[in-house]
Amino acid sequence: MAPQPDPGAEMTVAELIKHLSSADPSARVRLAINPFVPMAHKMGFVAMDTDEGGRPVVYLAEDAEAVQYGYLPRPVAEALTWMPPVEPPKRGRRLRAVSDDDTSRDTP
């Protein structure tokens with residue numbers, strides 16, 4: 001995955017084009033929404049307007065008919081830092097069986 005932009009800065013059209021220029025032109029575009037329940041949404045429309053300061057803004061909208069496409073794939077959520085990477089369990093860890101003696105001790 002491409003490096004992520006500074007979360008405090010807004011992405012420009014030039015930066016978006018730079019990110020997209022390395023993608024397969026036939027690839028589908030999806031929106032990643034909601035870091036707490038990562039979902040994928042189908043892209044619908046692109047609209048342009050200006051913000052309150054008169055600067056141009058491009059809006060990428062989800063497909064109005066799609067609502068949700070499904071869960072965001074885990075590798076994508078990890079790349080967005082919305083989920084921590086999953087570490088495999090360490091090998092060689094041994095568990096001790098619990099006996100009745102361990103569970104019946106009186107505690108002060």
Side-chain angles (χ1 to χ4, degrees):
M1 293 240 139
Q4 298 305 307
D6 174 7
E10 289 192 68
M11 182 181 287
T12 65
V13 170
E15 291 168 330
L16 179 60
I17 290 169
K18 182 179 176 185
H19 286 286
L20 293 176
S21 67
S22 64
D24 178 345
S26 65
R28 293 187 170 106
V29 178
R30 303 249 168 87
L31 298 171
I33 305 291
N34 190 355
F36 299 107
V37 182
M39 300 299 287
H41 295 251
K42 290 168 90 175
M43 276 286 296
F45 303 98
V46 177
M48 291 167 262
D49 200 356
T50 56
D51 66 10
E52 58 281 347
R55 296 171 297 230
V57 179
V58 175
Y59 294 91
L60 307 175
E62 74 175 311
D63 182 349
E65 303 295 318
V67 184
Q68 282 181 352
Y69 191 79
Y71 291 105
L72 200 61
R74 178 142 195 135
V76 175
E78 289 175 5
L80 294 169
T81 67
W82 291 0
M83 294 179 123
V86 176
E87 297 286 329
K90 297 194 184 321
R91 293 184 177 251
R93 182 175 169 208
R94 295 185 181 227
L95 299 176
R96 183 177 66 83
V98 175
S99 69
D100 288 338
D101 291 340
D102 291 334
T103 58
S104 63
R105 290 185 186 152
D106 291 332
T107 55

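Please read all numbers here as calculations on a predicted model, not as lab measurements.
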remark   = d(Leu60 CG, Met11 CE) to nearest 0.5 Å is 9.5 Å

inquiry  = Are Leu80 and Met39 connected into the same hydrophobic cluster when the rule is that any two of I, L, V, M, F, W, Y join if their side-chain heavy atoms are below 4.5 Å apart?
reply    = no

key: Cluster overlap Met48 with Leu31, hydrophobic side-chain contacts below 4.5 Å   = yes

ask   = Applying the 4.5 Å side-chain criterion to the ILVMFWY set and letting contacts propagate, would Tyr59 and Val13 be lumped into a single cluster?
value = no

Minimum side-chain heavy-atom gap Trp82-Leu72 below 4.5 Å = yes

inquiry  = Hydrophobic cluster membership, with links at side-chain heavy-atom distances under 4.5 Å among I/L/V/M/F/W/Y: are Ile33 and Val37 in one?
reply    = no

same_hphob_cluster(Val46, Ile17) at 4.5 Å side-chain heavy-atom cutoff = yes

remark   = For Met43 and Arg30, the nearest pair of non-hydrogen atoms, with its separation, is CG-N, 4.2 Å

request  = Calculate, to the nearest 0.5 Å, the distance between atoms CG and NE2 belonging to Leu16 and His19 respectively.
outcome  = 7.5 Å

query = Between Asn34 and Pro38, is there a donor-acceptor pair closer than 3.5 Å when you use the side chain of the first and the backbone of the second?
reply = no

